[in-house]
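Written below as structure tokens is the structure these notes are about.
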Amino acid sequence: MRTDKDGHAAHRGRGDHGRPGPARPERAGAGPRRGAADPGAAGDFKHVSLELGGKSPNIVFADADLDAAVNGAVSGIFAATGQTCIAGSRLLVQESAHDEVVGGLVELAGTARMGDPMDEATQVGPITTPTQYAKVLDYIEIARQEGARLVLGGKAADRGGWFVEPTVFTGVSNGMRIAQEEIFGPVLSVIPFKDEDEAVEIANDSRYGLGAGVWTSDISRAFRMADRIRSGTVWVNTYGAVSYLASFGGFKDSGIGHENGIVALTSYLEDKTVWINTGAPAGNPFVLR
């Protein structure tokens with residue numbers, strides 16, 4: 001399995017002694033070169049699994065438990081410093097609950113303890129590489145230039161190293177780059193919506209379709225939203241739960257294939273049909289049997 005987040009995928013070529021490489025390559029990553037994820041696999045007609053990132057919507061309705069939703073929003077984007085493929089980097093909030101949710105979000109996210117990721121007390125660690133660190137800061141500047149309103153963070157942390165403060169922007173429209181492009185860092189875009197239809201429209205207005213969250217006390221709404229959102233996983237009143245028993249994969253540009261669950265195992269298998277004649281007469285050789 002090859003994992004990267006810079007969109008660069010090398011040609012696997014052939015294994016030792018001219019033998020083919022992996023029978024079924026698997027790759028996790030993101031970037032504009034997704035079509036060239038494994039040219040070696042394409043040349044050999046190999047089946048592949050590609051997990052190519054996301055821009056997941058975390059949707060909060062006014063009838064939800066807002067304290068739980070705020071907690072889930074913070075976990076969805078700031079856990080692992082936003083450096084997860086399923087990061088809930090777009091927070092869609094129903095207009096009537098917008099100010100309350102944003103207030104709670106800023107208060108809770110502002111308490112995050114930054115530090116050494118090996119320290120159990122740390123809640124937000126550093127960005128993984130200097131290149132990615134610069135990219136995250138660039139996107140924060142892009143958000144400012146596009147007219148988003150900064151309500152938390154927005155700069156490198158004053159502690160040395162590759163730390164970026166947990167950052168929240170409001171006043172974001174879904175067409176802005178920070179709402180469309182995977183940042184892979186602790187940057188959250190808050191986008192208001194009026195009703196279910198608009199929430200679905202915004203959620204699906206993305207090249208990605210890996211994960212989504214729905215926060216509501218209306219179970220019928222939860223099922224309607226789960227049915228209409230184009231993503232491989234939908235969490236209801238929670239965010240980011242995973243299990244080796246449940247399949248995990250994405251729609252659209254988030255990739256093809258699945259990890260975990262029975263479907264992941266069967267994807268490594270190929271069907272074969274075997275016919276055996278146990279003694280019946282051969283019959284007319286010019287007629288297909």
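Chaining together hydrophobic side chains whose heavy atoms lie under 4.5 Å apart leaves Val242 on its own. Grouping Ile, Leu, Val, Met, Phe, Trp and Tyr residues whose side-chain heavy atoms lie under 4.5 Å apart, directly or via other members, leaves Val287 alone, with no other cluster members. Here Ile219 is tied into one hydrophobic group with Phe223, each link being a pair of ILVMFWY side chains closer than 4.5 Å.
Remark: Glu196 pairs with Arg221, Arg224 by the salt bridge (charged side-chain N to carboxylate O under 4.0 Å, His left out) rule, at least two apart or across chains. Residues satisfying the side chain to side chain contact (heavy atoms under 4.5 Å, CB included) criterion with Ala112, sequence neighbours excluded, are Gln123, Val124, Pro166.
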(message) Between Met225 and Val200, is the side-chain contact (heavy atoms from CB on, under 4.5 Å) condition met? List the steps.
(response) CA-CA 7 Å; Met225 293 295 292; Val200 170; 3.6 Å; yes

(request) Take Tyr133 and Thr128 through the test side-chain contact (heavy atoms from CB on, under 4.5 Å) and record every step on the way to the result. (result) CA-CA 7 Å; Tyr133 171 73; Thr128 54; over 6 Å; no

(message) For Val168 and Leu105: C-alpha separation, side-chain torsions, deciding distance, then whether side-chain contact (heavy atoms from CB on, under 4.5 Å) applies.
(response) CA-CA 9 Å; Val168 178; Leu105 180 68; 3.9 Å; yes

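Applying the 6.0 Å contact sphere to CG of Leu265 captures more than 12 heavy atoms from other residues, nucleotides or ligands. Taking a 6.0 Å sphere around CD of Glu120, one finds it holds 12 or fewer heavy atoms contributed by other residues, nucleotides or ligands. Other residues, nucleotides and ligands place no more than 12 heavy atoms under 6.0 Å from the CZ atom of Arg149. Residue Glu107 places its CD atom among 12 or fewer non-hydrogen atoms of other residues, nucleotides or ligands, all under 6.0 Å distant.
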For residues 270-279, please give each side-chain donor-acceptor pair under 3.5 Å, one per line with the distance, not counting sequence neighbours.
{"residue": "Asn277", "atom": "OD1", "partner": "Gly279", "partner atom": "N", "Å": "2.8"}
{"residue": "Asn277", "atom": "OD1", "partner": "Ala280", "partner atom": "N", "Å": "2.9"}
{"residue": "Asn277", "atom": "ND2", "partner": "Ala280", "partner atom": "O", "Å": "3.4"}

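Distance alone, capped at 3.5 Å, places no donor-acceptor pair between the Asn58 side chain and the Leu91 backbone.
Side-chain atoms of Asn174 and Arg90 form a donor-acceptor pair, as typed in the model, at a separation below 3.5 Å. A donor-acceptor contact under 3.5 angstrom links the side chains of Thr216 and Asp63, judged on distance only.
Hydrophobic clustering, with ILVMFWY side chains joined whenever heavy atoms are under 4.5 angstrom apart, groups Leu188 together with Val101.
For the pair Lys252 and Ser206, the tightest heavy-atom approach, listed with the atom from each and the gap, is NZ-O, 2.8 Å.
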